Asker: 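Before anything else, here's the structure in question.
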Amino acid sequence: MRRIPKVCRGTGTLLKKERLRKVTYNRHIFLFGGSPPFSDYFAEKFAEVTRKGKVAILFLERDGWEDYMSKYASVLEDNGINEFVYLPLGSEPEGETLYVLSSCTGIIIGGGKTELYRRYIVDTEIGERIKRLYHQGVPVAGFSAGALIIPENCVIPPIDNSQNKHLFLQGLGLIEDCVVSVHYTEWKEEENLKAALRKLNLAIGYGIDDEAALHFVNEVVSETDGEKVYRLT
């Protein structure tokens, strides 16, 4: 069940539902401010828009990754998705990876080191394939780092990169004209998000708390779920 967020502590205004544009078919993006799993409500929505087909999970391989994948998959399994493919990211994507990705009806980009996710996805064959599938109606979900690389502008805060400074990089470009911040309250991101809006001359910033999420339909905000999501203008 979707929750209506409460007003909180003057760090921007909480996001309200916006009217959607009419288009020929729907494109869906789910941005999560923290780690998996999906919220119950957005798990149901994601399963619905994937038509309960095969879902690809793109991730950075590390010790214990097999067990960690259940954090993404388990709640989706509860909603009727029974087939997952786990695609570890690397510098040279194999043809088989692109072939398998193209057969999926849903895509999840995991969390971890944002710089590496960006390096292995944006401006690569995998990134181009994700963009093509998205525009064909395949929904894309991003958790933390995965959420940061989805917009046109990938803004990585000092706490989240090896250079310890604000990085302004090219993102996938699935949504435009906004800046996204994750772990918003935990990382105290309000001033960083305001600075990013000024530097990029953009009007809207979304600050997504841990255990909160934001759903775009056809590049327009549709709804939020979980904890608090802030809109700064």
Side-chain angles (χ1 to χ4, degrees), residues 28-39 42 46 55-73 76 84 86-91 93 97 101 106-131 134 139-175 178-189 192-193 196 200 205-216 226-227 229-230:
H28 296 269
I29 292 172
F30 297 82
L31 302 182
F32 291 83
S35 302
F38 281 78
S39 64
F42 274 179
F46 188 78
V55 171
I57 303 176
L58 282 69
F59 66 99
L60 295 175
E61 196 166 355
R62 59 186 180 185
D63 291 342
W65 71 265
E66 296 94 337
D67 293 333
Y68 195 75
M69 290 300 103
S70 66
K71 292 182 179 291
Y72 297 103
L76 297 178
F84 299 87
Y86 305 111
L87 303 178
L89 295 166
S91 56
T97 296
L101 184 61
I107 297 169
I108 298 170
I109 304 174
K113 295 182 178 179
T114 306
E115 289 174 286
L116 291 181
Y117 273 98
R118 185 195 170 277
R119 181 186 306 167
Y120 295 145
I121 293 179
V122 178
D123 295 329
T124 71
E125 291 181 88
I126 287 180
E128 290 303 313
R129 192 63 52 93
I130 291 171
K131 286 188 280 188
Y134 169 71
V140 179
F143 287 83
S144 187
L148 289 181
I149 71 169
I150 282 175
E152 180 182 29
N153 293 285
C154 172
V155 179
I156 308 177
I159 195 174
D160 190 31
N161 68 78
S162 58
Q163 301 179 53
N164 297 313
K165 64 181 183 180
H166 223 164
L167 300 181
F168 297 86
L169 306 170
Q170 182 67 37
L172 270 175
L174 302 189
I175 50 178
C178 69
V179 177
V180 169
S181 172
V182 297
H183 306 287
Y184 184 72
T185 297
E186 181 183 351
W187 285 357
K188 299 178 175 60
E189 280 292 284
N192 281 334
L193 184 53
L200 296 170
Y206 298 108
I208 312 174
D209 274 353
D210 291 72
E211 300 183 11
L214 185 58
H215 178 202
F216 289 78
E227 295 300 322
V229 178
Y230 300 86

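For clarity, every value in this text was computed on a predicted model and none was experimentally measured.
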Asker: Provide the closest heavy-atom pair for Gly207 versus Tyr184 in the form atom of the first, atom of the second, distance.
Answerer: CA-CD1, 3.4 Å
Asker: Side chains of Leu58 and Ile130, heavy atoms from C-beta outward: is any pair under 4.5 Å?
Answerer: yes
Asker: I'd like to know if Lys131 pairs up with Glu128 as an ion pair, taking the criterion as any Lys NZ or Arg NE/NH1/NH2 lying under 4.0 Å from an Asp or Glu carboxylate oxygen.
Answerer: yes
Asker: Looking at Lys113, I'd like to know if its NZ atom is crowded, meaning that more than 12 non-hydrogen atoms belonging to other residues, nucleotides or ligands lie closer than 6.0 Å.
Answerer: no
Asker: Let me see the working for Leu116 and Leu89 under side chain to side chain contact (heavy atoms under 4.5 Å, CB included), right down to the final yes or no.
Answerer: CA-CA 9 Å; Leu116 291 181; Leu89 295 166; over 6 Å; no
Asker: Please check if the side chain of Tyr117 supplies one atom and the backbone of Gly111 the other of a donor-acceptor pair under 3.5 Å.
Answerer: yes
Asker: Distance check, rounded to the nearest 0.5 Å: Ile57 atom CD1 versus Leu76 atom CG?
Answerer: 7.5 Å
Asker: Quick one: pull up CG in Leu169 and CZ in Arg119 and give me the separation to the nearest 0.5 Å.
Answerer: 11.0 Å
Asker: Just so I know, are the side chains of Thr114 and Asn161 near enough to count as touching, which here means a heavy-atom distance under 4.5 Å?
Answerer: no
Asker: Looking only at heavy atoms, what is the nearest atom pair of His166 and Pro158, with distance?
Answerer: N-CG, 3.7 Å
Asker: For a quick test of reading the model, state the closest non-hydrogen atom pair linking Leu172 to Val122 and the distance between them.
Answerer: N-CG2, 3.9 Å
Asker: Measure the OG-NZ distance between Ser181 and Lys188 for me, rounded to the nearest 0.5 Å.
Answerer: 12.5 Å
Asker: Between the main-chain N or O of Ala196 and the side-chain N or O of Asn192, is there a donor-acceptor pair closer than 3.5 Å?
Answerer: no
Asker: Backbone N or O of Ser162 within a donor-acceptor pair of the Glu115 side chain at under 3.5 Å?
Answerer: yes
Asker: Counting distance only, does the side-chain N/O of Arg118 pair as donor-acceptor with the main-chain N or O of Gln170 below 3.5 Å?
Answerer: yes
Asker: Please work out whether the ring planes of His28 and His215 are parallel, tilted or perpendicular, with thresholds of 30° and 60°.
Answerer: parallel
Asker: Could you measure the distance from the CD1 atom of Ile109 to the CG atom of Leu60? Nearest 0.5 Å is fine.
Answerer: 11.0 Å
Asker: Does the Asp209 side chain pair with the main chain of Thr185, one donor and one acceptor, at a distance under 3.5 Å?
Answerer: yes
Asker: Quick one: closest heavy-atom pair of Phe30 and Pro139, and the distance?
Answerer: CE1-CB, 4.5 Å
Asker: Donor-acceptor check, side chain of Asn153 to backbone of Val155, threshold 3.5 angstrom: yes or no?
Answerer: no
Asker: Do you know which two heavy atoms are closest between Phe32 and Ala141, and how far apart they sit?
Answerer: CE1-CB, 4.4 Å
Asker: Calculate, to the nearest 0.5 Å, the distance between atoms CG and CD1 belonging to Leu101 and Ile107 respectively.
Answerer: 4.5 Å
Asker: What pair of heavy atoms forms the shortest contact from Glu189 to Val182, and how long is it?
Answerer: CG-O, 4.0 Å
Asker: Please examine the side chains of Tyr72 and Phe143, heavy atoms only from C-beta on, and report whether any two atoms are closer than 4.5 Å.
Answerer: yes
Asker: Does a side-chain heavy-atom distance below 4.5 Å link Tyr206 with Leu31?
Answerer: no
Asker: Which value, rounded to the nearest 0.5 Å, describes the distance between Ile150 atom CD1 and Phe216 atom CZ?
Answerer: 9.5 Å
Asker: When the ring planes of Tyr86 and Phe84 are compared, do they come out parallel, tilted or perpendicular, using 30° and 60° as the limits?
Answerer: parallel
